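The block underneath contains the structure these notes are about, expressed in structure tokens.
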Amino acid sequence: MPDDTFREISTEVLSDDYGVLTRHRFALRLSDGTWDEQSREVYERGSGATALLHDPKADTVLLVRQFRLPLRVAGRDPMMIETPAGNLDGADPGARVAAELLEETGFQALTIEHVASLSMTPASATQIMACYLGTYDRTAPVAPGGGERDEGEDIAVLHVPLPEALAMVRDGRIIDGKACFLISQLALRRAGL
């Protein structure tokens with residue numbers, strides 16, 4: 001953002017554990033030309049990559065279910081159904097998503113295509129998520145999956161029929177933004193849109 005519309009006043013690190021939480025005080029020039037001082041907290045955990053794989057023969061999509069503390073804190077079901085994903089940690093997004101697919105699901109993509117890079121929570125987090133669509137064969141796992149126990153992961157692998165996955169997005173059983181986006185993208189492509 002150009003300096004004539006934004007002025008940083010101060011930055012304070014509030015936490016540096018699982019990620020870095022900072023408080024930023026700044027002045028923002030409003031559309032009427034006046035300056036408004038604001039304070040916001042920003043969570044930095046690094047960017048990531050995610051993929052939704054589709055088995056065209058079985059018409060299933062590959063999803064995972066795992067515990068997510070923020071959902072429990074929010075009073076929601078903490079067992080989130082989502083697409084396999086992971087932080088880049090300096091890796092190429094395509095390489096990271098391939099590694100996460102193996103680690104979390106035990107499956108490899110037969111084909112894979114980058115669809116978009118999105119910010120899921122732009123008001124509070126710096127993370128940009130590289131989103132991929134691809135294909136897989138649900139009868140041909142190449143690794144056990146389930147995640148990394150030493151990272152506290154206990155991931156269930158789900159093969160969900162695409163029509164059911166769409167219904168789960170519509171009725172709120174799937175609320176993960178990246179999963180909703182990718183399931184919708186797959187359905188639109190299958191419909192020729």
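Nothing fancy with the numbering, it's 1 onward along the sequence. Here the structure is a predicted model, which means the values were calculated and not measured.
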Task: side-chain contact (heavy atoms from CB on, under 4.5 Å) assessment of Arg65 paired with Leu63 - done: CA-CA 7 Å; Arg65 182 176 43 236; Leu63 298 168; over 6 Å; no

Is it the case that the side chain of [X] and the backbone of [Y] share a donor-acceptor pair, with hydrogens and angles ignored and the cut-off at 3.5 Å?
X: Ser47; Y: Ile128; answer: yes
X: Thr11; Y: His24; answer: no
X: Thr50; Y: Pro84; answer: yes
X: Glu153; Y: Gly147; answer: no
X: Tyr132; Y: Gly94; answer: yes

Kindly list each side-chain donor-acceptor pair under 3.5 angstrom involving residues 185-193, sequence neighbours excluded, with atom names and distances?
{"unit_1": "Arg189", "atom_1": "NH1", "unit_2": "Glu113", "atom_2": "OE1", "d": "2.9"}
{"unit_1": "Arg189", "atom_1": "NH1", "unit_2": "Glu113", "atom_2": "OE2", "d": "3.4"}
{"unit_1": "Arg190", "atom_1": "NH1", "unit_2": "His54", "atom_2": "NE2", "d": "3.3"}
{"unit_1": "Arg190", "atom_1": "NH1", "unit_2": "Asp59", "atom_2": "OD1", "d": "2.3"}

Less than 4.0 Å between a side-chain N and a carboxylate O, is that true for [Y] and [X]?
X: Lys178; Y: Asp176; value: yes
X: Glu37; Y: Arg7; value: no
X: Arg25; Y: Glu12; value: no
X: Arg29; Y: Asp4; value: no

- [ ] Classify the angle between the aromatic ring planes of Tyr136 and His159 as parallel (below 30°), tilted (30 to 60°) or perpendicular (above 60°).
- [x] parallel

Open item on the list: We want to know whether Asp17 and Ser15 form a side-chain donor-acceptor pair, criterion being a heavy-atom distance below 3.5 angstrom.
Closed with: no

Task: Step-by-step side-chain hydrogen bond (donor to acceptor under 3.5 Å, both in side chains) determination, Gln127 to Asn87 - done: CA-CA 9 Å; Gln127 185 177 62; Asn87 281 354; 3.2 Å; yes

- [ ] Step by step, work out the salt bridge (charged side-chain N to carboxylate O under 4.0 Å, His left out) result for Glu164 and Arg173.
- [x] CA-CA 10 Å; Glu164 177 69 9; Arg173 286 177 286 162; 2.8 Å; yes

Task: Worked check of side-chain contact (heavy atoms from CB on, under 4.5 Å) between Ile175 and Arg76 - done: CA-CA 10 Å; Ile175 62 169; Arg76 305 289 300 260; 3.9 Å; yes

Open item on the list: So, applying side chain to side chain contact (heavy atoms under 4.5 Å, CB included) with Leu158, which one of Thr105, Ile81, Val64 is it?
Closed with: Ile81

Task: CD1 on Ile183 to OG1 on Thr83, rounded to 0.5 Å - done: 8.0 Å

Open item on the list: Applying side-chain contact (heavy atoms from CB on, under 4.5 Å) to Asp36 and Gln38, what does each step give before you reach the verdict?
Closed with: CA-CA 6 Å; Asp36 184 44; Gln38 300 180 15; 2.9 Å; yes

- [ ] For residues Val169 and Cys180, report the shortest heavy-atom separation together with the two atoms involved.
- [x] CG1-SG, 3.9 Å

Open item on the list: Is there a side-chain contact (heavy atoms from CB on, under 4.5 Å) between Gln108 and Leu101? Walk through the geometry before answering.
Closed with: CA-CA 6 Å; Gln108 286 181 316; Leu101 283 164; over 6 Å; no

